[in-house]
Amino acid sequence: MDIVISIASKIAESLVTPIGREFGYLIYYDTNMKDLKDELKQLFEMKDEVQELVNAAKRNGEVINSDVQSWLTSVNKLIQKVLHFEEEVNMKRRFLYRWNISKKATKITQDVRYVAHPAPPPMIWSTFKEGFKDFKSRMTCVNSVIEVLKNEEVRMIGICGMGGVGKTTMVKEIIKRLAGLKVFDNVVIAVVSQSPSIRKIQSEIAEQLGFTYDKEDTESGRARRLYGTLMDISKILIVLDDVWTELDFEAIGLPSGLTHKGCKVLLTSRNLEVCNAMGSQEIFTIPVLTPEESWELFREIIGQPLDYPDLAKRVTNECAGLPIAILTVAKAQENKRKYEWDDALKQLQSSAPGSISSMNDRVYSSIQWSYDRLESDEAKSCLLLCCLFPEDYDIPIEYLVRYGWGRGYFSNTDSVEEARNRVHSLVDKLQRRFLLLDSELEDHTKMHDIVRDVAIQIASRDPHRFLIRCDAEKKGWPKIYDHYTTISLIPINIDEIPVGLDCPKLELLHLEGECYSENSMDIMCKGMKKLKVLALVDVWGISALPSSLGLLKSLRTLSLNGCLMLTNISDVIGRLGNLEILSFRECINMLELPREIGLLKHLRLLDITGCNSLQKIPHGLLSSLSSLEELYMENSFEEWEQSAAESEDKRMASLVEVMSLSNHLKVLVIVIPDFNFFPKDFYLTIQTTIRFHISIKGVHGDSSTWSTRSTRTGCYAFENKLDIVSSDATAFMEIQTVRLLFKKCEDLILHEIKNLKYVLNELDQEGLQRLKVLRIWKCPEIEYLVNGASWTQQTAFPLIQSIELASMPELRAICHDQLPQSSFINLRSLELHNCPVLKYVFSLSVASNLVQLQSLLVADCPEMKEIVSKEWREHETASDIIAFPKLTNLTLLELSNEFGGFYEANKLYSNHEVTTPEDQNVVGTSYDEHQSPRSFERAVFPSKCILWLQNLEEVKLEHSNVDVVFNLKGHMVRDGQAVPAFSHLQNLSIGGSRCQHLWKNIPRGFQGFQNLRYLKIETGGDLQYVFPHSIARLLVNLEELNIAHCWEMETIVRSADENEKEDQTSMTLFPKLNSFDLEWLRSLERLCPDASTSLCSTAKVMSVKRCDKLKTLASVIPQIKKLEKDSTAHHEDEDEGISSGSCGCTPYSCGPMTKPTSRRNIVQILPRPVNQEVAPTNLDQDSNDNLERLSVQSCESLEVVFQLKGPKAVESHNVKAFNNLRYLFSSTVAKLLISLKDLKVGNCEKIEQVIAEADTECVDQEITFRQLNSITLEDLPNLICFSIEAYTLKFPCLRELKVIRCPDLRTFASKVVSAHSVIKVQTEFGKSEWMGDLNSTIGNIHEKRETQRSAEHIDEEV
């Protein structure tokens, strides 16, 4: 109760005595009013502080004294009294009322009490150190998390990523941003760690909420108290950092989302499984930094000029984008000399940076912890196998299966198939824990370089003893090798294997390389008697297997993948009695399998994929393999025996032999030339549990051109697959085996099939119940996938997930007539290419089933009228139940000029009569005054279907002519509530499509498109503008804008009409725009309305080319604090259409001097003098929005790049005075280029100085180019000096100066210049001497040039 007594006592002490007398009320009117204001201010502060103490007392479970509650009530009444008094003052302003008002003011002042007490503890976010960098790879995630946290339906969010990737740093940044947005009343954070302590978590949260626990409190009692406190807070975010295992919220005292809807949980973990187990509704994965981001972070941590930038960049690259590694290495390399940089690079490249300060403690230990916490030895072994391969390698998961099987890693697995399932599960687990990464290749994985380094360190120690060298061509065979169990050498020169080699413990040898000799192979085999796995990958020199291979009696896995020259296997292979896995994958010159392979009674897997020269498999070989479980023959042997040959020696393997393996065969991949090769009872084989991929090529078929996702691409975890090429459906449907294959297959390819009209009706009357993937190409007679008119009640394609139809000349629709419910219910992806008579994609009845559809692509369909059609005259209300809740990607390419849009609500497919817009029941008023003369306006997205497509994320429209893209006429209403339209759309790309408006008929108060980030328009046809102002103001997350070849475009943002004027004034458009690119917009006159802040004011990269009528880029100046590339001015007389007499200068072009470009009428970068009253607003050195790169090319009417705006803004009337560019920067702009890295000025005939004569305010001031590394001045015939004014110029980081063909340059600046002590100097004559300072060096260059010129003149006279 001490806190309550404290409050009460402070209130009592705050009583004050009345001030003034009656006659003083009038005299001291102004004083009394001021006193009242001061006291009221203190009163409000006092009330807030007392309320804070009261809240803290409640959290501690204490009862608040009634006097305190009474005082708070009195304060609230007093506040009401003050409000009434304020109204009276405003009404009675005459002098006669002053005495009465002054007296009342004095009386109210007497009622005010002052209470003083210590300030409340700081909010948690205020204690965080700076450290977050707003890189693009990070900000996308930050913004997405914040948006999701605003969603009332989401209660728990997970942020995942590998150790050291920056999860905690990001969470702290999110908390800081949330504080500014005031989304939550309170935010607390607790670190959980590997061994979570419930009491520690409770204490951390309690401390931030302002209460403490007694030591004797029980854990359950603490939980109840914390729960009650949290329930009293209306909106709270609980951040749980570094979660390793699932937490018990009830034991801690955390409410669930069901009991407290205002309580949200944000957790971070390096284990995706934990986030899922805890019920995260949204999970975000943090990627590593890009190379550019990594380099920027490294430089910023070093914080000083880099003496060896190239070496430092290579060191940075070795950190592979992991922030904690970059931070550690950068800190360790501060103030280091060159040999120390060389040593650090060497250690990082060799995967053994042990002596780099803190690397082991901060980086490696984090990953080691993750490794140690893997539950099984199998998972650890699987991870260590991944480090056998080079950095950034796409690791085939099948290699892990076969190597692990050979080493005996997998317990309780009875078959290779079971081991494969186990390995895929392990890889998934390791990826969820971010110890492995996804690969772009299917059935492959990758390993982060830093994780690989740690894995190599672990693997090199006992009991593993791995030796891994990925620069083996330099180091050769190891000198000490007798204790290793596993060796991987890439690339290896096998000629260097030492004589007398003895590796008594070696069980796995993985070699890659081109050099090979039979003698070395003999040495190797003789010294590795216990070898279990031998993998020679892409060892081209092997033509035959040596006889010494037979010594490897323990060998279980032999992999000779990619040994292109291997032709002679010989009989030695039959002596490997324990061999279980044998692979000759991609041995393209192998002609024959030796009969001795049939002696391998333990062989479980035989892989001859890609052996396309294989012509002979002796009869009886396959049937002798009594343990064979898996046979892979894709793109390989096709000479199957159809009838017995006269001579036994000439007989070939037959499909009958394959059938004889059915008792133990589990995986079969074969190519069959023709249906006639099928044995009559072949169906018995596939009735078992065999997983198959069977390709039937037909007479003229070629599987190599169309087969996808197969063993040829490294995919061994395929599902039942059937490929049929160049065949007649009438013939093959008579074969019982084929009919059975259709029923069992999950992936079906049909290519050039004749006599097939209705796919489902003719292939399987049961509806292809197992089929998941269907691809049909060049089938000339197919009209529908299924004809509902003759279909049974069986659900059609119930499991189908992906359909691709291409080059189908007679395809009329996916489905004809009605289908049973749940048909196509699982369809996720549909692609239609080159279907010349296809007029629509779905009927309304089929569309109603597509609740799982995620991606839709329609391309080159010249008769396409609409996507969804009322073909069967469904009632209009049928469209009310249509929704594509999961459709995220929509691509429409090369469609008909009659394409009417996604859905033509008032138009029948066969009847083009339409109702006029006046007949439509539309709610809302449109802003757009433009009306089409047509009675029917074609829109890609008419208002009727907008509610169907609320989750679209990416839309691409190319060469498809419509009137409007988004017709927003009428309110979009769902359940009686207006719904923001396309609120998830992020990427919109439109190319080669002649449309008049992107957005039209925008209702008043419309909301939507708020997450659009990327917009690209190319060849926009009739577009005169991009954005109506009412749409532009909604695009608060737009990051990239790219517009090209829109000949009629006059402005980017159209001025608002009268109804929008109130929204336009002082509006900042596109506050997150990073990249802005305009090209070939010959009618463009301006970018946005004058009343709006420039749409490019926050852009970091800007490019404007061939905008002939554009006079200025913006009416304000973008912040240019971090201009990090270079500033280039150049001219090219040869530029097409530019006269040689023009100015021809690029006054402000950032980036390398690649192709010089022209400027006909550009006069300067900024009008000068720059008003100091304006510059602080428009050129803010503390801003985070900084122009990094600017390129302006061939804009003939451009008068000024950035036109200042303000009380004394300079107009562009003095253009003629600057027709020839005579300087590059005004002094004011030069002072702001604090992050300029490289400056290049070239081919500017009239330029006399780089920095202009001083503005009045800038004389004698200091200009420091803090990060400028190099200056290049080239072909500047009139350049006199860098700066003629008496500025103090400083170049602390300058390392390189190039002065080429600048004949009048005699001194650098009129005042002493501060620069680095040593600078590399180059002229047109080669390297030049550094004289100790810039002025002396330039003078020396001029003297040498004059000497050279005089010598040349004498030579000419002689």
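- With respect to E1039 and K1072, no salt bridge is recorded, no charged nitrogen being found less than 4.0 Å from a carboxylate O.
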Worked check of side-chain hydrogen bond (donor to acceptor under 3.5 Å, both in side chains) between E954 and N889: CA-CA 5 Å; E954 182 172 352; N889 292 75; 3.2 Å; yes
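- At a cut-off of 3.5 Å, with distance as the only test, no side-chain donor of R828 or S855 sits close to an acceptor on the other residue.
- Counting only distance, with no hydrogens or angles, the side chain of D241 and the backbone of A190 share no donor-acceptor pair below 3.5 Å.
- In this structure the side chain of V423 reaches within 4.5 angstrom of the side chain of F410, judged on heavy atoms.
- Between the CG atom of L426 and the CD1 atom of I397 there is a distance of 10.5 Å, given to the nearest 0.5 Å.
- Considering every non-hydrogen atom in both D443 and C715, the closest pair reads OD2-CA, 3.2 Å.
- The two residues P390 and R452 come nearest to each other via the heavy atoms C-NE, 3.9 Å.
- For the atom pair T285 OG1 and M162 CE, the distance stands at 12.5 Å (nearest 0.5 Å).
- For the pair M170/C141, a side-chain contact is recorded, criterion being any heavy-atom separation below 4.5 Å from C-beta on.
- Classification of E417 and K666 as a salt-bridged pair fails, no side-chain N sitting under 4.0 Å from a carboxylate O.
- Look at E378 and R422 and you find a salt bridge, because one of the NZ, NE, NH1 or NH2 atoms lies within 4.0 Å of a carboxylate O, short of that distance.
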Dump the intermediate steps for side-chain hydrogen bond (donor to acceptor under 3.5 Å, both in side chains) on S203 and R222, then the final yes or no. CA-CA 9 Å; S203 295; R222 291 160 62 101; 2.7 Å; yes
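- Legend: residues meeting salt bridge (charged side-chain N to carboxylate O under 4.0 Å, His left out) with R155, ordered by chain and number and at least two apart, are absent.
- Closest approach of C319 and V329 over heavy atoms only: SG-CG2, 3.8 Å.
- When atom types are taken as modelled, the side chain of Q208 and the backbone of E204 share a donor-acceptor pair closer than 3.5 angstrom.
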From CA spacing to verdict: side-chain contact (heavy atoms from CB on, under 4.5 Å), Y409, L385: CA-CA 11 Å; Y409 283 163; L385 281 178; 3.7 Å; yes
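- Side-chain N or O atoms of N1011 include none that pairs as donor or acceptor with a backbone N or O of H984 at under 3.5 Å.
- Between the side chains of N951 and T888, no donor-acceptor pair is found at a separation under 3.5 Å.
- Taking 4.0 Å as the cut-off between side-chain N and carboxylate O, E219 and K200 do not count as a salt-bridged pair.
- The aromatic rings of Y393 and F389 lie parallel to each other, with less than 30° between the two planes, well short of the 60° mark.
- In this structure, the side chain to side chain contact (heavy atoms under 4.5 Å, CB included) partners of Q431, at least two apart in sequence or on a different chain, are V427, D428, L436, D438, T445.
- Rounding to the nearest 0.5 Å places CD1 of I468 at 11.5 Å from CD of Q457.
- Note that OG of S280 is 4.5 Å distant from CG of L267, once rounded to the nearest 0.5 Å.
- Residue Y371 comes nearest to L383 through the heavy atom pair CD1-CD2, 3.7 Å, listed as atom of the first residue, atom of the second, then distance.
- Between Y227 and L254 there is no side-chain heavy-atom pair separated by less than 4.5 Å.
- Contact of the C160 side chain with the F284 side chain is not registered, since no non-hydrogen atoms from C-beta on lie closer than 4.5 Å.
- Q281 contributes no side-chain N or O that, together with a main-chain N or O of I157, makes up a donor-acceptor pair within less than 3.5 Å.
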Verdict with reasoning, I238 to F184, per side-chain contact (heavy atoms from CB on, under 4.5 Å): CA-CA 10 Å; I238 302 170; F184 297 96; over 6 Å; no
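- Checked by atom type and distance alone, the side chain of S425 pairs as donor or acceptor with a backbone atom of N421 at under 3.5 Å.
- Side-chain N or O atoms of H510 include none that pairs as donor or acceptor with a backbone N or O of L388 at under 3.5 Å.
- Interatomic distance, CG of D747 versus CG of N720, reported as 9.5 Å (0.5 Å rounding).
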Show the numbers, then the answer: is there a side-chain hydrogen bond (donor to acceptor under 3.5 Å, both in side chains) between Q852 and K886? CA-CA 6 Å; Q852 299 292 335; K886 294 188 177 181; 3.0 Å; yes
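- Between S256 and T259 there is a side-chain heavy-atom pair separated by less than 4.5 Å.
- Between R402 and E398 there is a salt bridge, since at least one side-chain N of the basic residue sits less than 4.0 Å from a carboxylate O of the acidic one.
- Ring pair F298/W295 is parallel by interplanar angle, where below 30° counts as parallel and above 60° as perpendicular.
- The closest side-chain heavy-atom distance from I324 to V165 is not below 4.5 Å.
- Taking CZ of R465 as the start and CD of E507 as the end, the distance is 14.5 Å to the nearest 0.5 Å.
- With hydrogens and angles ignored, the 3.5 Å screen pairs no side-chain donor or acceptor of H464 with any backbone N or O of F466.
- In this structure, the side chain of R407 does not engage the main chain of W405 through any donor-acceptor pair within 3.5 Å.
- No side-chain heavy atom of L1012 sits under 4.5 Å from any side-chain heavy atom of N1037.
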Where do E147 and N151 land on the side-chain hydrogen bond (donor to acceptor under 3.5 Å, both in side chains) test, with the steps shown first? CA-CA 7 Å; E147 288 300 316; N151 186 345; over 6 Å; no
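- Note on residues 243-252: pairs passing side-chain hydrogen bond (donor to acceptor under 3.5 Å, both in side chains), not counting sequence neighbours, are D242-W244.
- Ionic pairing of K446 and D392 is present here: one or more N-O contacts between side-chain nitrogen and carboxylate oxygen are shorter than 4.0 angstrom.
- Around CG of N412, the count of heavy atoms belonging to other residues, nucleotides or ligands within 6.0 Å does not exceed 12.
- Applying the side-chain contact (heavy atoms from CB on, under 4.5 Å) test between L240 and each of V171, I252, V265 identifies V265 as the sole match.
- Judged by distance alone, with hydrogens and angles left aside, the side-chain atoms of E300 form no donor-acceptor pair with the main-chain N or O of E296 at under 3.5 Å.
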Quick one: do R433 and E375 satisfy salt bridge (Lys or Arg N to Asp or Glu O under 4.0 Å)? Show the steps, please. CA-CA 12 Å; R433 300 195 179 188; E375 293 85 354; 2.5 Å; yes
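- Of the possible donor and acceptor atoms, one in the side chain of N826 sits under 3.5 Å from a partner among the backbone N and O of P798.
- Looking at L149 and K264, their side chains come closer than 4.5 Å, going by heavy atoms from C-beta outward.
- Between E746 and K772 there is a salt bridge, since a side-chain N of the basic residue sits under 4.0 Å from a carboxylate O of the acidic one.
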Tell me, with the steps shown, if E719 and R691 meet side-chain contact (heavy atoms from CB on, under 4.5 Å). CA-CA 7 Å; E719 296 176 319; R691 186 163 57 89; 5.9 Å; no
Go through the steps to decide whether R270 and K167 satisfy the test side-chain contact (heavy atoms from CB on, under 4.5 Å), and finish with yes or no. CA-CA 9 Å; R270 62 182 68 178; K167 300 182 294 294; 4.3 Å; yes
